[in-house]
Trainee: 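The structure's right below; bear with me while I get my questions together.
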Amino acid sequence: MAFAEPLPEPISASLRRPETGGTLTIDVAAIAANWRTLARRTRTAECAAVVKANAYGLGVEAVTSKLDGAGCKTFFVADLAEARRVRACARGAVIYVLGGFSPDIGPGYIDVGARPVINSTTELAEWDAFVAANNWRGGAAIHVDTGMNRLGIPYDRAVKDFETIAKLPGFTIEGVFTHFAMADEPRHSITQEQHDRFTACCDALQKAGHDIPMRHCANSAAIVSHPGTHEDLVRAGIMLYGYNPISGGQELSPVMSLKAGIVRCENIAKGSGVSYGHTWCAGQDSRIATISIGYADGLARQLSGRVQFLLHGKPVRQIGRICMDMCMLDITDFPEAQTGDAVTIIGQDGQARMDARDYAALLDTIPYEILCAVGKRVPRVYLQNGTVVKEACDIDFL
Ligand SMILES: *Cc1c(COP(=O)(O)O)cnc(C)c1O
């Protein structure tokens with residue numbers, strides 16, 4: 001369910017809405033542009049989209065619809081519930097579920113028309129029994145673990161395990177893939193080693209008489225740092241959303257901005273404390289703004305007093321502890337600031353820009369986690385060439 005009436009104006013209209021805190025604005029045209037950039041770069045390899053975790057927090061419906069329209073044919077999700085949401089927006093797409101297969105959710109695969117990723121020999125046998133019992137022709141992909149040590153059939157057991165596969169009837173292998181552990185460290189030799197192990201496994205499988213229409217390994221980092229691993233398909237995630245995991249690498253089109261409105265401006269006297277614990281005290285008479293975004297919206301409490309946002313195109317210091325729904329700013333140097341003004345947490349404001357990388361660095365994490373952490377209650381507003389095309393709130397999907 002979208003909000004009853006699409007808003008005629010872009011973001012500023014959303015910021016006026018008193019019942020919401022922050023607003024996450026997503027430029028779907030930029031996501032499509034990033035996909036095209038990658039698809040050009042990978043040439044003959046198909047560029048698939050990884051839209052797990054609600055498309056890294058940005059909203060799986062809007063992202064899938066846009067990429068489906070742009071020509072993306074294959075989508076990867078974490079579980080069947082996500083696959084269902086993708087299917088609703090991309091009727092003809094191929095959808096792979098990375099989390100694997102279990103018989104109790106088998107009928108769901110038929111229902112959605114999704115393909116499981118087979119992560120173990122147990123799953124392989126279960127899937128084989130399931131397709132036979134249901135006369136189901138949908139394929140599956142085999143995941144080989146070449147060194148990530150997370151999921152998949154271990155590469156050094158694979159050849160033996162593949163003998164078991166050879167005995168199984170009626171089973172269509174649509175693809176074999178692996179996942180790199182360190183593709184974001186271009187100079188590390190493990191990626192090449194993983195790719196060698198992968199190639200040996202695929203060759204062994206083919207020798208055993210299995211057709212493998214698709215081989216794939218590359219995530220975003222490998223797309224840029226290891227072009228020799230593109231094979232038949234690449235699985236692009238974070239780069240679609242505007243972040244290059246290789247530092248200093250090619251810039252992509254920025255996709256998202258996160259803003260919150262000022263809900264109160266007040267003067268306080270020198271010596272007054274602000275927020276829980278009074279961890280910040282005014283060293284002079286000061287003016288303080290309260291903005292409607294807090295840790296429940298994804299603004300990590302560990303950032304308290306260590307971060308700056310943008311107001312009127314300039315950096316503004318966040319002060320005191322970040323609360324659940326709000327936090328405070330020192331706006332002493334912004335005499336013209338008033339209630340209703342937009343504060344940029346992520347995105348461009350005039351010449352200045354704040355980026356998920358800035359927060360990731362402070363929190364010792366990666367932009368992925370910053371994106372995924374944006375709170376469920378933060379409305380997602382989708383823009384295309386500066387115009388709102390859709391609004392959604394994750395409450396809609398409950
Ligand atoms: C998440 C994921 C990807 C995408 O990774 P990015 O670094 O976001 O491009 C690709 N493959 C698998 C198996 C994944 O789990």
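We number each residue from 1, following the sequence as shown. Note that ligands are numbered from 1 as they come in the structure, with each ligand's atoms numbered from 1 the same way.
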Trainee: If the cut-off is 4.0 Å to any non-hydrogen atom of Leu98, which atoms of ligand 1 fall inside it?
Mentor: 13 (C), 15 (O)

Trainee: Using a strict cut-off of 4.0 Å, indicate which atoms of ligand 1 neighbour a heavy atom of Ile238.
Mentor: 6 (P), 8 (O), 9 (O)

Trainee: Of the protein's non-hydrogen atoms, which lies at the shortest distance from atom 13 (C) of ligand 1, and what is that distance?
Mentor: His179 ND1, 3.5 Å

Trainee: Minimum heavy-atom separation for Leu38 and Cys47, please, with both atom names.
Mentor: CB-SG, 3.9 Å

Trainee: Tell me, which protein residue and heavy-atom name are nearest atom 4 (C) of ligand 1, and how many Å apart are they?
Mentor: Tyr56 OH, 3.5 Å

Trainee: Going by an N to O cut-off under 4.0 Å, is there a salt bridge joining Arg85 and Asp79?
Mentor: no

Trainee: Purely on distance, is any nitrogen or oxygen of Phe177 under 3.5 Å from one on ligand 1?
Mentor: no

Trainee: Write out the residue and atom name of the closest protein heavy atom to atom 7 (O) of ligand 1, then the distance separating them to 0.1 Å.
Mentor: Tyr368 OH, 2.6 Å

Trainee: Can you name the salt bridge (Lys or Arg N to Asp or Glu O under 4.0 Å) partners of Glu193, sequence neighbours left out?
Mentor: Arg197

Trainee: Once you round to the nearest 0.5 Å, how far does CD1 of Ile190 lie from CG of Asp196?
Mentor: 10.0 Å

Trainee: If hydrogens are left out, which of Arg150, Lys52, Arg235 has an atom nearest to atom 1 (C) of ligand 1, that is, the closest non-hydrogen atom?
Mentor: Lys52

Trainee: I need the full list of side chain to side chain donor-acceptor pair (under 3.5 Å) pairs touching residues 100-122, with sequence neighbours left out, sorted by first then second residue.
Mentor: Arg84-Asp111, Tyr96-Arg115, Ser102-Asp104, Asn119-His143

Trainee: Please determine whether a side-chain nitrogen of the Lys or Arg among Asp325 and Arg377 lies less than 4.0 Å from a carboxylate oxygen of the Asp or Glu.
Mentor: yes

Trainee: Is it the case that over 12 heavy atoms from other parts of the model lie below 6.0 angstrom from the CD atom of Glu174?
Mentor: yes

Trainee: Can you tell me which residue and heavy atom of the protein come closest to atom 9 (O) of ligand 1, and the distance to 0.1 Å?
Mentor: Ser220 OG, 2.6 Å

Trainee: Please report whether ligand 1 has a polar contact with Gly237, defined as an N or O pair separated by less than 3.5 Å (distance criterion only).
Mentor: yes

